[in-house]
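A short worksheet on the structure shown next.
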2 protein chains.
Amino acid sequence: MSLPHAILTALLERPSSGLELTRRFDKSIGYFWSATHQQIYRELGKLEADGLIRALPAEQPVRGQKKTYEVLPAGGAELARWTAAAQDPKPLRDTLLLRLRAAAVVGTAGLEADLRRHLDLHRGQLAEYEEIERRDFPPGRDSPQDRLQHLVLRAGIDLETFWTRWLEHALAEFAELPGLDGR
Amino acid sequence: MSLPHAILTALLERPSSGLELTRRFDKSIGYFWSATHQQIYRELGKLEADGLIRALPAEQPVRGQKKTYEVLPAGGAELARWTAAAQDPKPLRDTLLLRLRAAAVVGTAGLEADLRRHLDLHRGQLAEYEEIERRDFPPGRDSPQDRLQHLVLRAGIDLETFWTRWLEHALAEFAELPGLDGR
DNA sequence: TATGGCATGTAATGAGTTACATGATTCC
DNA sequence: GGAATCATGTAACTCATTACATGCCATA
């Protein structure tokens, strides 16, 4: 239910082709809403059919040829409507927590290595976000748009901080656990 | 890919029928892996067909009649294998962050009320987790199983703490924003 | 002219959600 | 015996993922 709106947002920020969108979904927007190129092309087709976006004038309906989209007024209206609409938060669904709970019944053998790997990944992501903060949000610049985008980035930073701390804590606990392995 | 393993874990903790599992997925396990009864029945069928679980002896293959499942050795082995296997963390996908980013281009009108609502929901969830912690994990009890389950609960508590703080911060920022509404 | 990279797409599968259907049991 | 509730299930649909297919274009 959110992918079309993620695409509308990206296209309002800057008209783009499918592949350009795909690249932007690998960073920026993709930091909190990921999507593959297959999803994006399918959704661009739907959005165009629904009259929310259109291909820019030089429209060649040829296959391997670039096609840039822009948002139509109806698309902007739909995005504004969706942004303001009440939506319930989705319940948490996390594999790692599930595996820990499973480990309580089948033993912790082998889990620790993957916790360490996750810790490294989250540390890396955290460093990346902090670099972006330094580069794109220096103190001083604070248009409303900047503030909103900064707020989103802060969520990313705080979430990664949470995961690194939690994983460090978990690993410390593991070190103290008596041999539960293979239980 | 994780639902079957969530079910195996729940059944190892205690053999149950489909509806009992559904209830347990509304709390406990469901706090970090939610599932509806339709998913659960479908998955129970698959797990039984694959020989990972079985219906308890008094097996009546009658429709509206209770059917309790238990885990077979092959099921335990599969769960242990899955628990130890390396798995990449799934990229974040959060609607609220997306809406904030959208608000930076279409305006913040109407968003604030829903942020407040989310804040209330997260505060409620946090209180619920803290109550569980008081009740189920008093200082002192610390078998390895308790420690692992407590670790999972701590993740829930810390995550809800993060969201409440972030939402408070976001609302404070909103209060300072010049009229961006309807931009 | 052929190779590699760019760009757009199709097909198949799987996981999750929503709506509905049916049998058994209990209690009035 | 009728209504409510418990319990199990089916069907249809949407969304996401994985693998593959095809056309264009530059350049060696």
Side-chain angles (χ1 to χ4, degrees), chain A residues 1-8 10-11 15-26 29-30 32-50 53-56 58-69 82 87-95 98, chain B residues 1-8 10-11 15-26 29-30 32-50 53-56 58-69 82 87-95 98:
Chain A
M1 282 286 295
S2 306
L3 178 58
H5 303 99
I7 291 179
L8 287 172
L11 287 181
S16 308
S17 69
L19 194 62
E20 281 159 6
L21 279 177
T22 302
R23 294 203 205 296
R24 293 173 62 195
F25 273 81
D26 282 339
I29 301 252
F32 50 89
W33 201 275
S34 59
T36 62
H37 80 275
Q38 292 88 341
Q39 280 177 280
I40 290 170
Y41 283 116
R42 178 156 25 97
E43 208 60 45
L44 283 173
K46 281 192 210 166
L47 287 169
E48 190 176 21
D50 291 350
I53 64 174
R54 64 160 189 175
L56 282 187
E59 185 178 0
Q60 297 107 334
V62 197
R63 203 174 165 116
Q65 204 151 295
K66 193 162 143 172
K67 204 163 141 194
T68 300
Y69 292 93
W82 176 82
Q87 294 176 44
D88 285 332
K90 287 194 52 173
L92 178 60
R93 225 178 228 184
D94 188 275
T95 311
L98 186 54
Chain B
M1 281 287 295
S2 304
L3 178 59
H5 302 99
I7 292 178
L8 287 172
L11 287 182
S16 308
S17 69
L19 194 63
E20 281 161 6
L21 279 177
T22 302
R23 294 203 204 297
R24 293 172 61 196
F25 272 80
D26 283 339
I29 301 253
F32 51 90
W33 200 274
S34 60
T36 62
H37 80 274
Q38 292 88 341
Q39 281 178 277
I40 289 170
Y41 283 117
R42 181 156 21 103
E43 208 60 45
L44 282 172
K46 281 191 209 165
L47 287 169
E48 190 176 21
D50 292 351
I53 64 173
R54 63 162 189 174
L56 282 188
E59 183 177 3
Q60 295 107 334
V62 197
R63 204 177 163 113
Q65 202 150 297
K66 192 161 143 173
K67 204 163 140 192
T68 301
Y69 292 93
W82 176 82
Q87 294 177 44
D88 286 331
K90 287 195 50 173
L92 179 59
R93 223 176 231 184
D94 187 275
T95 311
L98 187 53

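The model shown is predicted, which means the values in this text are computed figures rather than measured ones. Throughout, a chain's letter reflects where its sequence line sits, starting with A, and its residues are numbered from 1.
- Rounded to the nearest 0.5 angstrom, A/Tyr69 OH and A/Ile40 CD1 are separated by 12.0 Å.
- What separates CD of B/Glu43 from C1' of D/dG9 is a distance of 15 Å, to the nearest Å.
- Distance check, rounded to the nearest 0.5 Å: CD of B/Gln87 to CH2 of B/Trp82 gives 5.5 Å.
- The B/His37 side chain lies nearest to D/dG9 when the options are D/dG9, C/dA7, C/dG16.
- Contact annotation: A/Tyr41 side-chain N/O to C/dG9 OP1/OP2 distance is not under 4.0 Å.
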Detail all sub-3.5 Å separations between protein N/O atoms and N/O atoms belonging to nucleotides 3-5 of chain C.
none

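- In this structure, the NZ atom of A/Lys46 is 15 Å from the P atom of C/dG9, given to the nearest Å.
- Contact of the A/Leu11 side chain with the A/Leu47 side chain is not registered, since no non-hydrogen atoms from C-beta on lie closer than 4.5 Å.
- Of the listed nucleotides (C/dT8, D/dA7, D/dT17), D/dT17 has the atom at the smallest distance from the side chain of A/Thr36.
- Here D/dA16 presents its C1' atom at 14 Å from CE of B/Met1, a figure rounded to the nearest Å.
- Closest of all the heavy-atom pairs between A/Tyr41 and A/Leu19 is OH-N, 3.4 Å.
- Of all heavy-atom pairs spanning B/Ala6 and B/Ile29, the tightest one is O-CD1, 4.3 Å.
- Using a 4.0 Å heavy-atom criterion, one finds that B/Thr22 contacts no nucleic acid atom at all.
- The nucleotide whose nearest atom lies closest to any side-chain atom of B/Gln39 is, among D/dC15, C/dG16, D/dT10, C/dG16.
- When the nucleotides C/dG16, C/dA15, D/dA16 are ranked by their closest atom to the side chain of A/Leu3, D/dA16 comes out on top.
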Exercise for the section: With side chain to side chain contact (heavy atoms under 4.5 Å, CB included) as the test, would you mind laying out the steps for A/Ile7 and A/Ile53 before giving the verdict? Expected result: CA-CA 10 Å; A/Ile7 291 179; A/Ile53 64 174; 5.6 Å; no

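- Between B/Ser16 and B/Arg24 the shortest side-chain heavy-atom distance falls below 4.5 Å.
- The interatomic distance linking A/Leu44 (CG) with C/dT10 (C1') rounds to 15 Å, in whole Å.
- Distance from the side chain of B/Lys66 is smallest to D/dA7 among C/dA15, C/dA7, D/dA7.
- The CG-P distance, from B/Leu21 to D/dC6, rounds to 17 Å in whole Å.
- Comparing B/Arg23 and B/Gln38 against DNA chain D, the residue whose closest nucleotide sits nearer the 5' end is B/Arg23.
- With sequence neighbours left out, A/Ser17 forms a side-chain hydrogen bond (donor to acceptor under 3.5 Å, both in side chains) with no residue at all.
- Atom-to-atom, CZ of B/Arg42 to C1' of C/dG14 comes out at 9 Å; the value is rounded to the nearest Å.
- Both B/Lys90 and B/Ser17 lie near DNA chain D, and the one whose nearest nucleotide falls closer to the 5' end is B/Ser17.
- Atoms CH2 (A/Trp33) and P (D/dT17) sit 10 Å apart, rounded to a whole Å.
- Out of D/dT8, C/dT17, D/dT17, the shortest distance to the side chain of B/Arg93 is found at D/dT17.
- Between A/Lys67 atom NZ and D/dT22 atom P the separation is 19 Å, expressed in whole Å.
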